Novice: 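Here's a structure for you.
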Amino acid sequence: MLEIQRIRQEKEAILAGLAKRNIDASQTIEAILETDQNWRSAKTQLDQVAAEMNQLARTIGELFKSGQQAEATALKEKTSVLKTQEAELKVQVNAFEESLQALLYTLPNVPNELVVQGREAEDNQNIFEAGTIPQFGFEAQPHWDLAKKYKLIDFELGVKVTGAGFPFYRGKGARLQRALIQFFLDEAIAAGYEEFISPHMVNEASGYGTGQLPDKEGQMYYVKEDDFYLIPTAEVPLTNIYRDVILPDGNFSIKMCGYTPCFRREAGSYGKDVRGLNRLHQFDKVEIVRVEHPDNTAKALDEMLEHVKNLLDKLELPYRILRLCGGDMGFASALTYDFEVYSAAQEKWLEVSSVSRFDTFQANRLKLRFKDDKKTTLCHTLNGSALALPRILASLLENHQTANGIQIPKALQAYTGFSVIE
RNA sequence: GGAGAGUUGGCAGAGUGGUCGAUUGCGGCAGUCUUGAAAACUGUUGAACCGAGAGGUUCCGGGGGUUCGAAUCCCUCACUCUCCGCCA
């Protein structure tokens with residue numbers, strides 16, 4: 001959520017920024033400013049009336065105490081007019097406040113200056129590439145065939161027990177999955193992130209805190225009896241640790257990581273994009289989350305990018321980094337880098353990580369601030385996948401396949417306990 | 001699931017209708033003392049909003065009500081804890 005003070009002060013810059021998302025927010029901004037103006041004027045009146053009421057009540061109290069019943073009763077009569085006024089103003093103030101809030105919720109974050117205007121994936125900027133795309137002397141198979149051939153993943157069994165998008169991993173497939181989780185966590189911990197095992201369900205307030213609510217409830221699984229949401233990412237429980245928190249000073253850098261399963265309804269998706277592991281309703285992910293002083297955000301983002309690069313290097317996967325264009329960025333993000341691994345078998349790039357800075361957008365909703373010379377200032381939040389498992393598993397299988405089996409990257413062998421799947 | 005107790009400032013914990021944004025203790029900060037530290041003592045220490053400022057308003061789990069006046073009384077919802085039951 002954008003800060004109202006910022007909208008008051010930097011209207012033009014915000015409009016220009018949102019234009020990069022192909023959004024013309026001028027009407028919304030005007031409505032916000034008008035509602036804000038109305039709210040402030042009603043609020044000022046309400047405050048005045050309330051002040052008078054308080055004064056009167058005090059006077060009446062003193063009169064009663066000193067036994068001046070008649071005077072007190074006379075004054076009491078005067079309060080009824082003020083009371084009516086106060087009630088009316090309260091209704092107004094609340095109404096303005098609500099519509100202001102609703103309007104503010106509709107505005108996405110303002111893109112960083114590095115972000116270019118664009119509509120879709122093609123407009124994203126390719127800023128980095130590494131690794132070599134493997135050449136096979138045979139016809140490379142997609143991961144769903146490999147998974148079947150080596151009995152690593154059973155999609156049909158998942159359909160039987162739950163439904164599409166809920167696969168079983170079995171045998172070496174399960175082992176590989178567990179190895180990856182352990183590997184990612186160990187790397188994150190070595191990079192200074194504190195590990196958390198979080199709840200896999202969150203309450204409504206947490207959904208609002210990170211921006212899944214309102215509006216995107218359709219993307220989350222919902223447990224009606226208890227009013228809980230299954231987490232779509234560890235970002236939600238980890239970031240919400242700092243909901244309603246004021247850090248004591250500006251000297252902080254909070255680095256958290258956590259492995260969780262992630263649950264996403266993914267309503268409306270179909271076709272080859274969802275084949276195999278490409279898109280699931282339940283998948284595993286190690287997430288890194290940071291809470292930073294605004295001055296440190298750029299550096300933190302760089303560190304996170306380096307961290308993810310390192311993971312992919314160690315997994316010996318060919319990848320590229322895209323800086324997302326305005327139209328392709330998430331609602332809350334100010335700047336997002338996607339990591340994509342090339343799969344020579346599917347002959348396409350698979351998104352395996354998304355690293356973003358949100359600046360104050362999440363912090364404003366979370367009310368996450370720090371004290372700075374008696375002032376309270378909003379913190380910055382960042383997060384990134386490091387990494388999401390299914391597409392990593394897919395690209396490991398596809399890129400490291402040989403005619404006789406699948407080679408496990410060296411860095412992973414200590415975790416899997418085997419070096420080849422045959 | 002049954003029964004009961006509770007929700008107050010960073011924490012602990014008073015406060016049952018009037019000057020209470022709230023006693024006190026701990027913690028934090030500043031100071032006195034000290035070569036320094038500890039101890040002791042003194043002072044200070046919540047947040048949000050409106051306002052150029054002076055100042056004002058709001059917040060004692062959320063919402064509503066009674067009253068001139070509510071942390072305090074009533075209604076309602078949520079959450080937490082304890083005991084019993086069930087259970088990994």
Side-chain angles (χ1 to χ4, degrees), chain A residues 1-9 32-104 197 199-209 213-214 222-229 237 240-252 254 261 291 360 362-379:
Chain A
M1 192 163 62
L2 294 177
E3 298 144 80
I4 184 69
Q5 300 90 325
R6 190 173 162 199
I7 297 178
R8 282 184 208 142
Q9 287 159 16
I32 286 173
L33 289 174
E34 192 190 328
T35 310
D36 178 51
Q37 193 55 54
N38 290 337
W39 173 77
R40 280 197 281 176
S41 102
K43 172 88 164 105
T44 306
Q45 289 179 55
L46 175 62
D47 283 358
Q48 280 166 2
V49 173
E52 272 185 70
M53 288 277 287
N54 288 343
Q55 186 51 49
L56 263 180
R58 240 169 275 149
T59 313
I60 291 170
E62 277 160 23
L63 288 173
F64 272 125
K65 255 189 185 164
S66 57
Q68 296 167 273
Q69 303 288 342
E71 288 85 342
T73 314
L75 268 188
K76 265 183 165 181
E77 316 244 318
K78 277 181 69 179
T79 59
S80 68
V81 181
L82 285 175
K83 249 188 151 176
T84 319
Q85 274 182 26
E86 190 187 32
E88 281 166 5
L89 285 167
K90 225 177 220 167
V91 170
Q92 279 184 36
V93 167
N94 286 342
F96 286 134
E97 222 162 62
E98 260 175 53
S99 42
L100 187 59
Q101 190 72 8
L103 283 166
L104 285 172
I197 295 178
H200 297 166
M201 294 191 204
V202 294
N203 58 27
E204 196 180 28
S206 295
Y208 276 93
L213 300 175
Y222 176 57
V223 182
K224 198 176 163 200
E225 284 73 11
D226 300 286
D227 205 14
F228 290 152
Y229 294 88
N240 271 285
I241 291 172
Y242 287 92
R243 171 155 48 82
D244 293 320
V245 166
I246 299 176
L247 299 165
D249 56 60
N251 187 20
F252 63 92
I254 294 157
V291 178
T360 58
Q362 283 186 330
N364 191 29
R365 281 200 184 187
L366 290 161
K367 297 207 187 73
L368 165 53
R369 294 158 292 179
F370 65 95
K371 267 213 161 100
D372 190 16
D373 281 338
K374 293 194 174 169
K375 266 196 333 200
T376 54
T377 308
L378 290 170
C379 300

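Here is how names work: the chains are called A, B, and so on, in the same order as the sequence lines, proteins then strands, and each is numbered from 1. No experiment lies behind these values; they were computed from the predicted model shown.
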Novice: Starting from P on B:rC50, measure out to CG on A:Asp47 and report it in whole angstrom.
Specialist: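 In whole Å, B:rC50 P lies 10 Å from A:Asp47 CG.
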Novice: Is any side-chain N or O of A:Lys371 closer than 4.0 Å to OP1 or OP2 of B:rA47?
Specialist: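 Answer is yes, contact under 4.0 Å.
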Novice: Considering only atom C1', compute the distance from B:rC68 to B:rG13 and round it to an integer number of Å.
Specialist: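 About 32 Å, rounded to a whole number of Å.
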Novice: Check the distance between B:rU58's C1' and A:Gln45's CD and give it to me in whole angstrom.
Specialist: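 Going from A:Gln45 (CD) to B:rU58 (C1'), I get 17 Å.
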Novice: So A:Gln55, base contact, sugar-phosphate only, or nothing? Heavy-atom distance under 4.0 Å.
Specialist: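 No contact.
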Novice: NA contact type, A:Thr376, heavy-atom cut-off 4.0 Å: base, sugar-phosphate, or nothing?
Specialist: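 Sugar-phosphate only.
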Novice: Which nucleotide wins on minimum distance to the side chain of A:Lys43, given the candidates B:rG18, B:rA47, B:rU57?
Specialist: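 Among B:rG18, B:rA47, B:rU57, the one nearest the side chain of A:Lys43 is B:rU57.
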Novice: Strictly below 4.0 Å: does A:Arg40 bring a side-chain N or O up to OP1 or OP2 of B:rU57?
Specialist: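 So the side-chain polar atoms of A:Arg40 never come under 4.0 Å of the phosphate oxygens OP1 or OP2 of B:rU57.
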Novice: Please state how far atom CZ in A:Phe370 lies from atom C1' in B:rA47, giving the value in whole angstrom units.
Specialist: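 That distance rounds to 16 Å.
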Novice: Given atom CZ of A:Arg58 and atom C1' of B:rG56, what is their separation to the nearest angstrom?
Specialist: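 A:Arg58 atom CZ is separated from B:rG56 atom C1' by 11 Å.
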Novice: Quick check on B:rG18: is either OP1 or OP2 less than 4.0 Å from any side-chain nitrogen or oxygen of A:Asn54?
Specialist: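 Checking A:Asn54 against B:rG18: no side-chain N or O falls below 4.0 Å of OP1 or OP2.
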Novice: Could you tell me whether a side-chain N or O of A:Thr79 sits under 3.5 Å from a main-chain N or O of A:Leu75, the two making a donor and an acceptor?
Specialist: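 Not confirmed, A:Thr79 side chain does not pair with A:Leu75 backbone.
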Novice: Using the P atom in both, what is the distance from B:rC83 to B:rG10, to the nearest Å?
Specialist: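 B:rC83 and B:rG10 have their P atoms separated by 29 Å.
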Novice: Suppose you measure atom C1' in B:rG65 against the same atom in B:rC50; what distance do you get, rounded to whole Å?
Specialist: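 B:rG65 and B:rC50 have their C1' atoms separated by 28 Å.
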Novice: Once you round to the nearest 0.5 Å, how far does CG of A:Asp244 lie from CZ of A:Arg369?
Specialist: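 Result: 7.5 Å between the selected atoms.
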Novice: Measuring only between side-chain heavy atoms, which start at C-beta, is A:Asp227 closer than 4.5 Å to A:Tyr222?
Specialist: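 Side-chain contact under 4.5 Å: yes.
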Novice: From CE of A:Met53 over to P of B:rU58, roughly how many Å is that when rounded to an integer?
Specialist: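 Between P of B:rU58 and CE of A:Met53: 10 Å.
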Novice: Within residues 90-102 of chain A, find the residues that approach RNA chain B with a heavy atom at under 4.0 Å, and present them sorted by residue number.
Specialist: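 Within this stretch, nothing sits under 4.0 Å of the strand.
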Novice: Does CG belonging to A:Asn251 count more than 12 external heavy atoms closer than 6.0 Å?
Specialist: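 Open.
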Novice: Name all residues meeting the side-chain contact (heavy atoms from CB on, under 4.5 Å) criterion together with A:Glu97; count only those two or more places apart in sequence or in a different chain, and write none if there are none.
Specialist: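 Result, side-chain contact (heavy atoms from CB on, under 4.5 Å) vs A:Glu97: A:Trp39, A:Val93, A:Asn94.
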Novice: Does a side-chain N or O of A:Gln5 approach OP1 or OP2 of B:rC49 to a distance below 4.0 Å, or not?
Specialist: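 So the side-chain polar atoms of A:Gln5 do come within 4.0 Å of the phosphate oxygens OP1 or OP2 of B:rC49, strictly under.
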Novice: Give the nucleotide from the list B:rC68, B:rU57, B:rC50 with an atom nearest to the side chain of A:Ala57.
Specialist: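 Taking heavy atoms from C-beta onward, the closest nucleotide is B:rC68.
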Novice: Students often get this wrong, so: under 4.0 angstrom with heavy atoms, is A:Gln48 touching a base, only sugar-phosphate, or nothing?
Specialist: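 The answer is nothing, as A:Gln48 stays clear of every strand by at least 4.0 Å.
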Novice: Let me know the distance between CD1 of A:Ile246 and P of B:rC11, rounded to the nearest Å.
Specialist: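 Between P of B:rC11 and CD1 of A:Ile246: 11 Å.
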Novice: Quickly work out the A:Leu56 CG to B:rU57 C1' distance and round it to whole Å.
Specialist: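 From A:Leu56 CG to B:rU57 C1': 16 Å.
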Novice: Can a side chain N or O of A:Arg369 be found less than 4.0 Å away from OP1 or OP2 on B:rA48?
Specialist: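 For A:Arg369, the contact criterion (side-chain N or O under 4.0 Å from OP1 or OP2 of B:rA48) is met.
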Novice: Starting the side chain at C-beta, find the nucleotide from B:rG69, B:rU19, B:rC50 nearest to A:Lys83.
Specialist: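 The listed nucleotide nearest to A:Lys83's side chain is B:rG69.
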Novice: Could you work out, with salt bridge (charged side-chain N to carboxylate O under 4.0 Å, His left out) as the rule, every residue matching A:Asp36, not counting sequence neighbours?
Specialist: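 Counting only residues at least two positions away or on another chain, A:Asp36 forms a salt bridge (charged side-chain N to carboxylate O under 4.0 Å, His left out) with A:Arg8, A:Arg40.
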Novice: Could you tell me the separation between the CD atom of A:Glu86 and the P atom of B:rG69, rounded to a whole number of Å?
Specialist: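 Result: 8 Å.
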